[in-house]
Colleague: 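Take a look at the following structure, please.
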Amino acid sequence: MSTDQPVDEPVPLVDLKAAHAEVEAEVRAGFDRVLATGGYVKGPETAGFEAEYAAFSGARHCVGAANGTDALELALRALDLPPGGGVVLPANTFVATAEAVVRAGLRPVLVDADPDHLLIDPERVADALPGAVALLPVHLNGQLAPMGPLLELAAGRPVVEDAAQSQGARQHGRALHGLVSATSFYPGKNLGAYGDAGAVVTDDDALAAAVRLIGDHGSGRKYEHERFGFNSRMDALQAVVLRAKLRRLPAWNEARRAAAERYHRLLAGIDGLTPPRTAPGNEHVWHLYAVRIGPGRDRDAVLAALQAAGIGAGVHYPVPVHLQPAFRQLGHGAGAFPVAERAARELLTLPLHPHITAAQQERVVETLAEALAA
Ligand SMILES: *Cc1c(COP(=O)(O)O)cnc(C)c1O
């Protein structure tokens with residue numbers, strides 16, 4: 001079939017192929033180095049990445065892990081908290097945050113988000129703190145939770161940061177604010193591996209050593225197992241990819257910021273949506289650009305219209321943790337966390353990645369405006 005109409009290319013939510021094209025030569029050379037030695041687990045590539053990511057994070061230590069959920073679990077286990085102790089985390093997060101708490105033998109204590117930025121709300125944290133043994137704020141969508149107020153409220157309890165969505169983000173110039181942070185290098189994150197990987201970042205020497213021990217079968221010396229552990233290590237091939245991509249990350253985050261600014265401009269004056277906001281003191285890295293649709297609009301109809309037009313919009317996340325069947329045992333019904341529930345109904349993530357073009361963004365916004373006017 002021939003047509004005079006130009007066919008609009010799809011606009012993907014993320015573009016991992018474009019990112020790969022930039023690092024391909026380095027990645028292939030690095031893979032060759034590893035294949036030549038046969039050292040696939042631990043070794044110099046992983047150690048090299050750990051040192052480079054620690055420096056990038058302004059922290060003393062980075063310990064690689066098999067994925068981000070494990071990294072959170074390792075950080076929590078290394079703290080030796082009392083079994084069954086409450087860990088305060090937001091209800092509006094990816095389910096992994098809560099999974100890690102349960103897997104570490106602790107109890108998730110969910111709290112609601114602040115309605116303006118959808119970050120964990122310090123006022124709600126204050127209500128949940130009695131009885132809690134740790135705080136687990138999530139740096140959602142690429143900006144840090146309000147760490148000043150949270151550290152004050154924590155009053156000495158350890159603060160573990162879920163930094164899976166915030167690689168390169170800063171607040172008042174700093175990335176790490178709590179005792180320890182855990183991140184994920186799932187392919188779609190700002191710094192993504194070619195498979196699963198994660199890391200724990202901390203300034204605390206003893207904690208870093210404990211994380212390394214637990215993630216390597218509790219063993220510092222071959223066949224000596226000092227403490228109960230499991231297997232969660234970053235492999236050498238993932239480290240090769242992450243080293244090549246880390247060199248580009250500042251420029252890629254800058255490109256994300258420019259794309260977010262462009263969305264802000266293009267979306268200004270469009271009825272029926274609210275663009276995302278950056279909280280004071282934050283240098284945002286725009287892991288996700290999520291607008292709120294409504295009130296009085298049908299987010300799912302808008303999502304369907306964008307997808308029908310080939311635009312890879314998404315929803316992060318359609319069901320908050322407390323309403324997931326897997327977390328029924330926490331005993332919260334609908335209405336327990338109204339801000340999180342409203343966010344789940346209203347949020348719509350627009351395509352944003354370092355290689356998105358102005359023309360692609362214009363097409364997204366035109367399609368979105370049409371869908372809202374329909
Ligand atoms: C991706 C993610 C994780 C988990 O990371 P995995 O590497 O997929 O295990 C944890 N928390 C948040 C907020 C995430 O976005």
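Counting starts at 1 for both ligands and their atoms, following the listed order.
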Colleague: Strictly by modelled atom types, are H139 and E161 linked by a side-chain donor-acceptor pair under 3.5 Å?
Modeller: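 A donor-acceptor contact under 3.5 Å links the two side chains.
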
Colleague: Does at least one non-hydrogen atom of K189 fall below 4.0 angstrom from an atom of ligand 1?
Modeller: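 K189 counts as a contact of ligand 1 under the 4.0 Å cut-off.
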
Colleague: Quick one: do the Q143 and H287 side chains pair a donor with an acceptor below 3.5 Å?
Modeller: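 No pair is found: no donor N or O on one side chain lies under 3.5 Å from an acceptor on the other.
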
Colleague: Within the 4.0 Å heavy-atom shell around G68, which atoms of ligand 1 are there?
Modeller: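 Near G68, meaning under 4.0 Å from one of its heavy atoms, ligand 1 has 5 (O), 6 (P), 7 (O), 9 (O).
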
Colleague: Identify the protein heavy atom lying closest to atom 8 (O) of ligand 1, giving its residue, its atom name and the separation to 0.1 Å.
Modeller: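 Nearest protein contact, heavy atoms only, for atom 8 (O) of ligand 1 is S184 OG, 4.0 Å.
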
Colleague: Would you kindly say whether D216 and N231 are connected by a side-chain donor-acceptor distance under 3.5 Å?
Modeller: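 Side-chain D/A pair, D216 to N231: absent.
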
Colleague: If the threshold is 4.0 Å, N to carboxylate O, is there a salt bridge linking R212 and E50?
Modeller: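 Answer for the salt bridge query: yes.
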
Colleague: Which atoms of ligand 1 sit under 4.0 Å from any heavy atom of A164?
Modeller: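 Atoms satisfying the 4.0 Å criterion: 2 (C), 3 (C), 10 (C), 11 (N), 12 (C), 14 (C), 15 (O).
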
Colleague: Can an N or O of T93 be found at a distance shorter than 3.5 Å from an N or O of ligand 1?
Modeller: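 Between T93 and ligand 1 (N or O atoms, distance only) the closest approach is not under 3.5 Å.
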
Colleague: Atom 9 (O) of ligand 1: which protein heavy atom is closest, and how many Å away?
Modeller: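 Nearest neighbour among protein heavy atoms for atom 9 (O) of ligand 1, to 0.1 Å: T69 OG1, 2.5 Å.
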
Colleague: Output the list of atoms in ligand 1 that are nearer than 4.0 Å to some heavy atom of T97, sorted by atom number.
Modeller: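 Heavy-atom distances to T97 below 4.0 Å select 11 (N).
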
Colleague: Would you say Q165 and ligand 1 have an N/O pair spaced under 3.5 Å apart?
Modeller: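 By distance alone, the answer is yes.
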
Colleague: Could you tell me if H316 and T349 have a donor-acceptor pair between their side chains, going purely by distance under 3.5 Å?
Modeller: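 Yes.
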
Colleague: At under 4.0 Å between heavy atoms, is it the side chain or the backbone of D162 that contacts ligand 1, or both, or neither?
Modeller: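 Side chain only; the backbone of D162 stays clear of ligand 1.
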
Colleague: Are the side chain of D235 and the backbone of Y40 linked by a donor-acceptor contact shorter than 3.5 Å?
Modeller: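 Side chain of D235 to backbone of Y40, a donor-acceptor pair under 3.5 Å: no, none is there.
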
Colleague: Can you see whether F31 has R243 sitting over its ring - NZ or CZ less than 6.0 Å from the centre and within 45° of the normal?
Modeller: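 No, R243 does not sit over the ring of F31.
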
Colleague: Going by the order shown, which atoms of ligand 1 are within less than 4.0 Å of some heavy atom of A96?
Modeller: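 Checking each atom against A96, I get 3 (C), 4 (C), 10 (C).
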
